[in-house]
Enquirer: 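I'd like to ask some things about the structure below.
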Protein chains: 2
Amino acid sequence: MGKRKETITIYDVAREAGVSMATVSRVVNGNPNVKPVTRKKVLDAIERMGYRPNAVARGLASKKTTTVGVVIPDISYAFFAELTRGIEDIAKMYHYNIILCNSDLKKEKELQLTEALLEKQVDGLLFLGGKVTDEHREIFNGTDVPVVLAATRDEAKNARPFVTIDQVKAAKEATDVLIREGHERIGFLGGPLTDPLIGYPRYQGYREALEENGMSLDEDRVRLGNYRYHSGYDAARELLESEQAPTAIFAVNDEMAVGAIHAVQDLGKRVPEDVSIIGFDNIPLASQVRPLLSTVAVPMYDIGAVAMRLLTKYMNEETIEEDQVVLPYRLELRDSTRLKEI
Amino acid sequence: MGKRKETITIYDVAREAGVSMATVSRVVNGNPNVKPVTRKKVLDAIERMGYRPNAVARGLASKKTTTVGVVIPDISYAFFAELTRGIEDIAKMYHYNIILCNSDLKKEKELQLTEALLEKQVDGLLFLGGKVTDEHREIFNGTDVPVVLAATRDEAKNARPFVTIDQVKAAKEATDVLIREGHERIGFLGGPLTDPLIGYPRYQGYREALEENGMSLDEDRVRLGNYRYHSGYDAARELLESEQAPTAIFAVNDEMAVGAIHAVQDLGKRVPEDVSIIGFDNIPLASQVRPLLSTVAVPMYDIGAVAMRLLTKYMNEETIEEDQVVLPYRLELRDSTRLKEI
DNA sequence: CTGTTAGCGCCTTCAT
DNA sequence: ATGAAGGCGCTAACAG
């Protein structure tokens with residue numbers, strides 16, 4: 001039962017239209033070297049037979065799949081979901097499809113997924129958010145497929161092109177806001193310091209800000225979490241219940257920052273009257289909380305879009321003027337801090 | 001410059017290992033019919049030459065791409081991002097990759113993307129969240145590629161398999177919570193009534209709940225938005241500033257519900273003391289707001305996972321016992337309503 | 001257990 | 001402007 005739809009090929013169309021398959025191929029691919037009448041004949045035959053080109057066969061013959069691979073930590077993070085939207089929009093614009101893979105930031109998964117993507121003959125690869133190790137480089141360098149890093153970077157020489165923001169500087173400016181508000185005890189809610197992409201650089205920015213303002217970094221005011229709301233909540237709660245509790249908190253991402261807001265509130269205090277809080281990223285949540293969260297607005301969508309655009313340039317072998325793009329961020333001072341401008 | 005890495009094929013490996021390509025193919029595909037020593041020879045050659053199988057060629061020859069297409073409204077919605085995570089996890093488990101496409105719920109895009117995915121010879125297709133029209137059915141029925149609907153359904157005869165929840169019933173139960181709290185003026189924050197997947201059924205549930213409890217549906221207490229936070233905020237604000245303002249609100253999704261919470265608070269009132277609010281979906285935001293949002297917990301991840309699992313069964317031609325899956329939901333009563341159990 | 005031989009459906013010179 | 005023919009790299013019978 002369920003009679004298999006016998007696949008109809010370019011050859012069938014050719015026969016039906018009374019031309020050669022080369023001609024059919026030409027009209028399908030928009031080659032101008034086809035007489036209008038011939039083209040019409042072919043188009044009609046295609047229409048009549050319901051012909052659907054086989055992209056796999058085309059890929060094998062042409063060595064192009066119009067597909068790019070995207071290795072991402074976790075699509076369920078608002079940050080990466082937004083970024084992916086930027087990628088996909090630009091990909092669509094250039095007629096590429098994306099194969100999406102979640103790596104959970106696990107090196108082994110990243111490597112394995114990258115391999116799988118290359119086997120699938122993707123025309124390009126977007127690598128998001130993971131640390132680039134020698135093993136990564138070995139794979140990246142061992143292929144002609146262009147690779148662009150997004151929301152991460154590789155400091156190594158001969159590094160891959162990337163699109164990101166200046167994490168340290170942004171973190172420093174965020175901390176500066178708190179300093180200028182006059183706070184002397186500024187808490188820090190971070191991620192793993194072993195994370196070279198977010199955790200460490202944002203910590204570094206915090207530290208530099210304090211140091212440049214002659215303030216000492218007190219380890220007791222540093223708490224490390226996993227970037228999630230609850231870890232932010234818990235860490236902030238600890239901080240606030242300690243002696244010498246901070247009067248301001250810089251959280252390295254918005255989820256943790258919102259957790260901190262609620263920790264403050266649950267303790268019967270107020271933001272920003274009692275404790276100022278600033279986050280990082282500017283995910284939708286930041287403007288869906290009371291008070292509205294002050295934060296570093298990271299152009300998530302743009303990072304994805306620009307990275308994808310850059311990748312298309314490599315795939316088309318266009319000349320690249322700028323292969324290491326540092327996008328601007330912006331301080332978005334809302335209601336969880338008192339300072340309204342800097 | 002940039003000497004092209006000459007692609008090394010199964011044929012090269014065969015020569016290097018001193019066997020035929022068929023044998024190489026066998027070891028690459030884990031065919032047991034290979035003598036251990038031979039296998040080792042081949043494996044060594046593969047290792048030595050850095051051979052990477054070409055999945056496109058394999059796809060053409062085997063007519064399987066181990067790739068499934070996913071048409072989704074918008075990956076940047078928490079709801080769909082979560083669902084996609086479920087899809088991808090199960091896909092990975094069964095060694096499939098997913099090609100992700102955002103449709104923005106536009107019919108034309110959905111159709112065009114579906115076509116493109118079929119051209120790419122995906123082994124299966126997951127269609128999320130859009131309304132299924134005759135044009136969709138025409139494409140779906142015109143191919144042997146199995147199609148599973150997720151978070152949507154098609155009432156038509158000979159319909160596609162689907163995985164979803166009972167929207168009407170869930171909406172009714174959510175409204176019931178408010179009714180049992182004794183509210184007589186229950187506002188409704190909905191989506192377009194022309195949306196047959198969310199907007200209409202959830203409205204219907206609201207209406208049925210009222211009717212079954214002998215309450216009349218007052219159109220003045222119905223506000224329609226676009227599912228986003230701000231539209232929820234604005235609509236709730238209108239509702240609350242009207243005469244005969246509702247004392248409880250059912251919002252058809254969490255974003256709007258949280259908008260409503262803030263509208264109430266910005267008006268100087270309290271949730272749930274002055275106004276009870278219940279949402280729908282249980283996205284992370286629901287537990288990242290104060291008060292914690294009571295809502296209908298939809299198993300987003302599971303919908304994706306189950307749909308993908310179902311699809312694998314079709315792709316493997318396993319026998320399907322249940323092709324129309326209605327997953328259970330759960331009322332998650334937190335702090336934005338007063339009733340704690342039902 | 002291993003090798004041979006056809007394709008899979010299409011693109012792409014190269015002729016005509 | 002069109003056709004003929006040779007791959008693209010691999011799988012899948014079918015022999016042996």
Enquirer: Within the pair T9(A) and dG9(C), is there a side-chain N or O less than 4.0 Å away from OP1 or OP2?
Expert: no

Enquirer: Please determine whether a side-chain nitrogen of the Lys or Arg among K131(B) and D195(B) lies less than 4.0 Å from a carboxylate oxygen of the Asp or Glu.
Expert: no

Enquirer: Between dC10(D), dG9(C), dG3(C), spot the one nearest the side chain of M21(B), thanks.
Expert: dC10(D)

Enquirer: For the side chain of I10(A), counting heavy atoms from C-beta on, which of dT11(D), dG3(D), dC11(C) is nearest?
Expert: dC11(C)

Enquirer: I'd like a list of close polar pairs between nucleotides 13-16 of chain C and the protein, N/O only, cut-off under 3.5 Å.
Expert:
none

Enquirer: By a strict heavy-atom criterion of less than 4.0 Å, which residues belonging to residues 31-55 of chain A are in contact with DNA chain C?
Expert: Y51(A), P53(A), N54(A)

Enquirer: Which residues pass the salt bridge (Lys or Arg N to Asp or Glu O under 4.0 Å) test with E135(A), sequence neighbours left out?
Expert: K107(A)

Enquirer: Nearest-Å distance, NZ (K64(B)) to C1' (dC8(C))?
Expert: 13 Å

Enquirer: Is a donor on one side and an acceptor on the other found under 3.5 Å between the side chain of D323(B) and the backbone of P161(B)?
Expert: no

Enquirer: Please list all pairs passing the ring-ring contact (aromatic ring centres under 6.0 Å, His included) test where one or both residues lie in residues 92-128 of chain A, with sequence neighbours left out.
Expert: F127(A)-H136(A), F127(A)-F140(A)

Enquirer: Evaluate the side-chain proximity of Y51(A) to V28(A): yes if any heavy-atom separation is below 4.5 Å, no if none is.
Expert: yes

Enquirer: Check this one for me: any side-chain N or O of T7(B) less than 4.0 Å away from OP1 or OP2 of dG9(D)?
Expert: yes

Enquirer: Assign V19(B) to base, sugar-phosphate, or nothing according to its heavy-atom contacts below 4.0 angstrom with the strands shown.
Expert: sugar-phosphate

Enquirer: Do the side chains of K41(B) and E16(B) get close enough for a salt bridge, i.e. N-O under 4.0 angstrom?
Expert: no

Enquirer: Hey, does the side chain of T23(B) come within less than 4.0 Å of dG3(C)'s phosphate (OP1/OP2), counting only N and O?
Expert: yes

Enquirer: May I have the distance from N29(B) (atom CG) to dG9(D) (atom P), rounded to whole angstrom?
Expert: 17 Å

Enquirer: Which nucleotide in the set dG9(C), dT11(D), dT2(D) lies at the smallest distance from any side-chain heavy atom of S25(B)?
Expert: dT11(D)

Enquirer: Can you tell me the distance, in whole Å, between the CZ atom of R15(A) and the P atom of dG3(D)?
Expert: 14 Å

Enquirer: Which residue pairs satisfy the salt bridge (charged side-chain N to carboxylate O under 4.0 Å, His left out) criterion with at least one member in residues 28-40 of chain A, sequence neighbours excluded?
Expert: K40(A)-D44(A)

Enquirer: What nucleic acid atoms does V28(B) come within less than 4.0 Å of, heavy atoms only: base, sugar-phosphate, or nothing?
Expert: nothing

Enquirer: Using a 3.5 Å distance criterion without hydrogens, assess whether the side chain of K120(B) forms a donor-acceptor pair with backbone atoms of E115(B).
Expert: no

Enquirer: So, OP1 or OP2 of dG9(C): does either fall under 4.0 Å of a side-chain N or O from K63(B)?
Expert: yes

Enquirer: Return each pair, listed once, that meets salt bridge (charged side-chain N to carboxylate O under 4.0 Å, His left out) where at least one residue sits in residues 60-83 of chain A; pairs must be two or more places apart or across chains.
Expert: D74(A)-R85(B)

